[in-house]
Novice: 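Got a structure for you, questions after.
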Amino acid sequence: MDSAAPNSSSAAAAAASAAAAASGNGVQGGAVGDRPEDASKQNLAQVTGSIQKTLGLLHQLNLNVSSFSSASQLPLLQRLNALVAELDTMQKLADGCNIQVPMEVVNLIDDGKNPDEFTRDVLNSCIAKNQITKGKTDAFKSLRKHLLEELEEAFPEDIEAYRQIRATSAAESKRLAQSQSVLPNGDSKVKAEH
């Protein structure tokens, strides 16, 4: 067997583990079809199982081919037929899955690298951008504080009126947010449908 087979099986294993990670553990309780997410997760679990079964069949084929003799021709043909049937099943199950995998992840898998590198790079990029944004917000807070101090020296009455207006506005926003069931980050609470 050529050297491409282990790469394809490792790529399939990495894709299967990425799919399993994306779906949690792939195990769902309750009736299928309660919600569209449940049906999608169930379908994803079935695809993941099919990928695992295909990897097992490929391993068995590898063993049969490496120790081929005329007596092992029938089991080899049976395993080939089982592989074709399982690939057909996998294709049919995959049609019901809506999973978007970034091309960077596929390229990493093709290069024989761990797809976790992509996650690490994305997280490091987010951390760097977060630090830049935090620096900017800290600079603006410092500028605001400095401006308020300077304005308070020049216009004490106006600054006091500004602070009262700001406090009133903040209290009104908080009351309005609580009445509308809005979370502190601005998201609305959603009632679970049963």
Side-chain angles (χ1 to χ4, degrees), residues 7 10-45 47-48 51 94 96-194:
N7 282 343
S10 65
S17 66
S23 70
N25 62 5
V27 177
Q28 287 296 315
V32 176
D34 289 345
R35 293 182 300 192
E37 302 89 36
D38 289 344
S40 176
K41 286 182 181 180
Q42 180 69 23
N43 202 1
L44 181 61
V47 170
T48 303
I51 290 171
C97 288
N98 185 15
I99 298 173
Q100 298 175 357
V101 178
M103 281 305 296
E104 292 88 356
V105 173
V106 175
N107 291 337
L108 280 173
I109 293 170
D110 284 344
D111 292 341
K113 296 179 182 173
N114 189 341
D116 290 340
E117 290 179 22
F118 175 76
T119 305
R120 187 189 64 232
D121 292 343
V122 168
L123 286 175
N124 287 338
S125 172
C126 288
I127 289 169
K129 288 178 183 178
N130 187 27
Q131 289 173 344
I132 291 169
T133 304
K134 185 180 183 317
K136 288 178 182 179
T137 57
D138 289 346
F140 277 117
K141 286 178 184 178
S142 175
L143 175 65
R144 181 179 178 273
K145 181 181 175 187
H146 178 70
L147 286 175
L148 279 175
E149 289 170 356
E150 293 292 322
L151 286 171
E152 191 168 23
E153 289 178 14
F155 308 103
E157 302 87 23
D158 292 335
I159 293 300
E160 186 59 36
Y162 166 77
R163 286 188 174 142
Q164 288 177 352
I165 291 170
R166 184 141 168 101
T168 304
S169 175
E172 180 64 25
S173 294
K174 185 177 179 181
R175 185 192 61 76
L176 184 62
Q178 289 174 345
S179 69
Q180 292 180 349
S181 298
V182 175
L183 297 172
N185 65 357
D187 292 343
S188 297
K189 290 182 182 177
V190 179
K191 291 183 180 178
E193 294 180 1
H194 297 278

Novice: As an exercise, state the distance from OG1 of Thr137 to CD1 of Ile132, rounded to the nearest 0.5 Å.
Specialist: 12.0 Å
Novice: Is there side-chain contact between Ser125 and Lys129, with heavy atoms separated by less than 4.5 Å?
Specialist: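 Answer yes - side chains close enough.
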Novice: Going through the checks in order, is the side chain to side chain contact (heavy atoms under 4.5 Å, CB included) test met by Val106 and Val101?
Specialist: CA-CA 7 Å; Val106 175; Val101 178; 4.0 Å; yes
Novice: Rounded to the nearest 0.5 Å, how far does CD1 of Ile51 lie from CG of Leu44?
Specialist: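 Between atom CG of Leu44 and atom CD1 of Ile51 there are 8.0 Å.
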Novice: Run the side chain to side chain contact (heavy atoms under 4.5 Å, CB included) test on Tyr162 and Leu148 for me, step by step, so that the C-alpha distance in whole Å, both residues' side-chain angles and the decisive distance to 0.1 Å come before the verdict.
Specialist: CA-CA 10 Å; Tyr162 166 77; Leu148 279 175; 3.9 Å; yes
Novice: Are any of the side-chain heavy atoms of Ile127 and Gln131 separated by less than 4.5 Å?
Specialist: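 With C-beta onward as the side chain, the pair touches.
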Novice: Could you tell me the separation between the NZ atom of Lys141 and the NZ atom of Lys134, rounded to the nearest 0.5 Å?
Specialist: 7.5 Å
Novice: Find the distance between CG (Asn107) and CE (Met103) and round it off to the nearest 0.5 Å.
Specialist: 5.0 Å
Novice: Atom CD of Gln42 and atom SG of Cys97: how far apart are they, to the nearest 0.5 Å?
Specialist: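 So the CD of Gln42 and the SG of Cys97 are separated by 10.5 Å.
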Novice: Quick check: closest heavy atoms across Val105 and Pro115, and the distance to 0.1 Å?
Specialist: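 Shortest heavy-atom separation between Val105 and Pro115 comes out as CG1-CB, 3.8 Å.
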Novice: Please confirm whether the backbone N or O of Asp116 pairs with a side-chain atom of Asn114, one donor and one acceptor, at under 3.5 Å?
Specialist: yes
Novice: Measure the spacing between CD of Glu157 and CZ of Phe155 and express it to the nearest 0.5 Å.
Specialist: 10.0 Å
Novice: Got a sec, which residues hit side-chain contact (heavy atoms from CB on, under 4.5 Å) with Glu152, two or more places apart in sequence or on another chain?
Specialist: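 Per chain and number, Glu152 pairs via side-chain contact (heavy atoms from CB on, under 4.5 Å) with Ile159, Arg163.
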